[in-house]
A.B. asks: 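First the structure, then my questions, so here it is.
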Amino acid sequence: MKYSEATPGRIFIIRLEDGEIIHDEIEKFARDHSIDAAAIIILGGADTGSRIIVGPEDGRSSPITPMEHVLRDAHEAMGTGTLFPDREGNPVIHIHMSFGRNDRSSTGCIRSGVKVWEVMEVILFELTGTGSMRLLNEKLGFKLLEP
């Protein structure tokens with residue numbers, strides 16, 4: 001286990017609009033408001049064509065080969081995640097969301113591009129006083145949180 005301590009900062013209430021790409025908008029918001037770290041809760045609708053990462057092809061392979069799933073229609077959506085800077089200071093989110101329509105559901109990471117259907121509500125809790133960041137893990141092939 002690795003850990004660090006943070007202090008609560010500002011709290012932002014954000015409404016994403018129809019057609020916006022979630023990770024692009026939240027990372028832009030963080031840059032525009034000088035947010036280095038945050039915890040995020042999110043809910044609303046995801047549009048047709050949204051792409052999510054639904055797991056590794058082989059759970060123990062290295063580097064990890066992600067599997068992608070495309071939503072074929074509008075879905076209800078909810079999730080939670082974090083935001084931390086990479087080595088260059090760019091905000092990088094890591095959000096997992098569940099998507100449901102009728103009696104079907106999918107869950108995954110939104111980094112491939114989830115598009116808002118009509119509206120998406122985001123509560124962003126800023127975390128201050130932490131030097132935590134996302135650093136590239138060569139073995140796994142993606143950026144991991146280093147508290």
A.B. asks: Rounded at 0.5 Å granularity, tell me how far CG in Asp47 sits from CD1 in Ile21.
C.D. replies: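 Going from CG on Asp47 over to CD1 on Ile21, the span is 9.0 Å.
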A.B. asks: Under a single-linkage definition using a 4.5 Å side-chain heavy-atom cutoff for Ile, Leu, Val, Met, Phe, Trp and Tyr, are Leu124 and Ile42 assigned to the same hydrophobic cluster?
C.D. replies: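 Leu124 clusters together with Ile42.
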A.B. asks: For Arg15 and Val119, indicate whether the former's side chain and the latter's backbone hold a donor-acceptor pair under 3.5 Å.
C.D. replies: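 Checking the backbone N and O of Val119 against the side chain of Arg15, no donor-acceptor pair under 3.5 Å is found.
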A.B. asks: Show the nearest heavy-atom pair for residues Ser61 and Ile64, with the distance to one decimal.
C.D. replies: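 In terms of heavy atoms, the two residues are closest at O-CG1, 3.8 Å.
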A.B. asks: With a 4.5 Å limit on heavy-atom distance, are the side chains of Met120 and Met97 in contact?
C.D. replies: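 Heavy-atom side-chain distance check passes, below 4.5 Å.
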A.B. asks: Would you name the heavy atoms of Gly9 and Thr128 that are closest together and state the gap between them?
C.D. replies: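 Distance-wise, the nearest heavy atoms are CA-CG2, 4.1 Å.
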A.B. asks: Considering residues, nucleotides and ligands other than Glu27, do more than 12 of their heavy atoms fall under 6.0 Å from its CD?
C.D. replies: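 Counting neighbours around CD of Glu27, more than 12 heavy atoms of other residues, nucleotides or ligands fall under 6.0 Å, so yes.
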A.B. asks: Among the clusters formed by ILVMFWY side chains lying less than 4.5 Å apart, do Phe12 and Val116 turn up in the same one?
C.D. replies: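 Per the 4.5 Å side-chain linkage, Phe12 and Val116 are co-clustered.
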A.B. asks: Say whether, by atom type as modelled, one donor and one acceptor occur between the side chain of His33 and the main chain of Arg31 under 3.5 angstrom.
C.D. replies: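 No, the answer is negative, given that no donor and acceptor are paired below the 3.5 Å cut-off.
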A.B. asks: Just by modelled atom types, is the His96 backbone N or O under 3.5 Å from a matching donor or acceptor in the Thr80 side chain?
C.D. replies: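 No, the answer is negative, given that no donor and acceptor are paired below the 3.5 Å cut-off.
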A.B. asks: Judged by modelled atom types alone, do Arg134 and Thr82 share a side-chain donor-acceptor pair under 3.5 Å?
C.D. replies: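 Yes, a side-chain donor-acceptor pair sits under 3.5 Å.
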A.B. asks: Please find the pair of heavy atoms, one from Glu20 and one from Glu17, that lie closest to each other, and give the distance.
C.D. replies: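 The answer is OE1-N, 2.7 Å.
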A.B. asks: Indicate yes or no: at least one non-hydrogen side-chain atom of Ile95 is less than 4.5 angstrom from one of Val114.
C.D. replies: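 No; the side chains remain at least 4.5 Å from each other.
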A.B. asks: I'd like to know if Phe125 and Ile13 are part of one continuous hydrophobic network [Ile/Leu/Val/Met/Phe/Trp/Tyr, side-chain heavy atoms within less than 4.5 Å].
C.D. replies: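 Result: yes, single cluster for both.
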A.B. asks: How long is the span from the NZ atom in Lys143 to the CZ atom in Arg87, to the nearest 0.5 Å?
C.D. replies: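 Lys143 atom NZ to Arg87 atom CZ measures 9.5 Å (nearest 0.5 Å).
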A.B. asks: Quick check for you: to the nearest 0.5 Å, what is the distance between Ile110 atom CD1 and Arg51 atom CZ?
C.D. replies: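 Between Ile110 CD1 and Arg51 CZ, I get 11.5 Å after rounding to 0.5 Å.
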A.B. asks: Just by distance, do the side chain of Asn102 and the backbone of Arg104 share a donor-acceptor pair under 3.5 Å?
C.D. replies: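 No.
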A.B. asks: In Å, rounded to the nearest 0.5 Å, how long is the span from CZ of Arg111 to CZ of Phe142?
C.D. replies: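 Going from CZ on Arg111 over to CZ on Phe142, the span is 6.5 Å.
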A.B. asks: Atom CD1 in Ile52, atom CZ in Phe99: separation rounded to 0.5 Å?
C.D. replies: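 Answer for the CD1-CZ pair, Ile52 versus Phe99, is 5.0 Å.
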A.B. asks: Search all heavy atoms of Ala74 against all heavy atoms of Arg101 and return the closest pair with its distance.
C.D. replies: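 For Ala74 and Arg101, the tightest heavy-atom pair comes out as O-NH1, 2.9 Å.
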A.B. asks: Give a yes or no on whether Leu83 and Met133 share a hydrophobic cluster (residues Ile, Leu, Val, Met, Phe, Trp, Tyr; joining criterion: side-chain heavy atoms under 4.5 Å apart).
C.D. replies: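 Per the 4.5 Å side-chain linkage, Leu83 and Met133 are not co-clustered.
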A.B. asks: Nearest 0.5 Å, please: how far is CD1 in Ile123 from CD1 in Ile14?
C.D. replies: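 These two atoms lie 8.0 Å from each other.
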A.B. asks: Can you see which heavy atom on Leu71 is nearest to which on Ala46, and at what distance?
C.D. replies: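 Result for this residue pair: CD1-CB, 3.8 Å.
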A.B. asks: With a 3.5 Å cut-off and no angle check, do the side chains of Ser98 and Ser105 form a donor-acceptor pair?
C.D. replies: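 Ser98 vs Ser105: no donor-acceptor pair found between side chains.
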A.B. asks: Can you find a pair of side-chain heavy atoms, one from Ile35 and one from Pro91, that are under 4.5 Å apart?
C.D. replies: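 They are not in contact (no side-chain heavy atoms under 4.5 Å apart), so the answer is no.
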A.B. asks: What verdict does the salt bridge (Lys or Arg N to Asp or Glu O under 4.0 Å) test give for Asp32 and Lys28, after you've listed the backbone C-alpha separation in whole Å, the side-chain angles of each residue and the deciding distance to 0.1 Å?
C.D. replies: CA-CA 6 Å; Asp32 292 348; Lys28 180 183 182 307; 2.8 Å; yes
A.B. asks: Check Asp36 against Pro85 and note the closest heavy-atom contact, atom names and distance.
C.D. replies: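 Shortest heavy-atom contact: O-CD, 2.9 Å.
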A.B. asks: Kindly work out whether a path of hydrophobic side-chain contacts (I/L/V/M/F/W/Y, heavy atoms less than 4.5 Å apart) joins Phe29 to Ile40.
C.D. replies: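 Phe29 clusters together with Ile40.
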A.B. asks: Side-chain contact, heavy-atom cut-off 4.5 Å: Thr48 with Trp117?
C.D. replies: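 When only atoms from C-beta onward are counted, Trp117 and Thr48 do not touch, as no gap falls below 4.5 Å.
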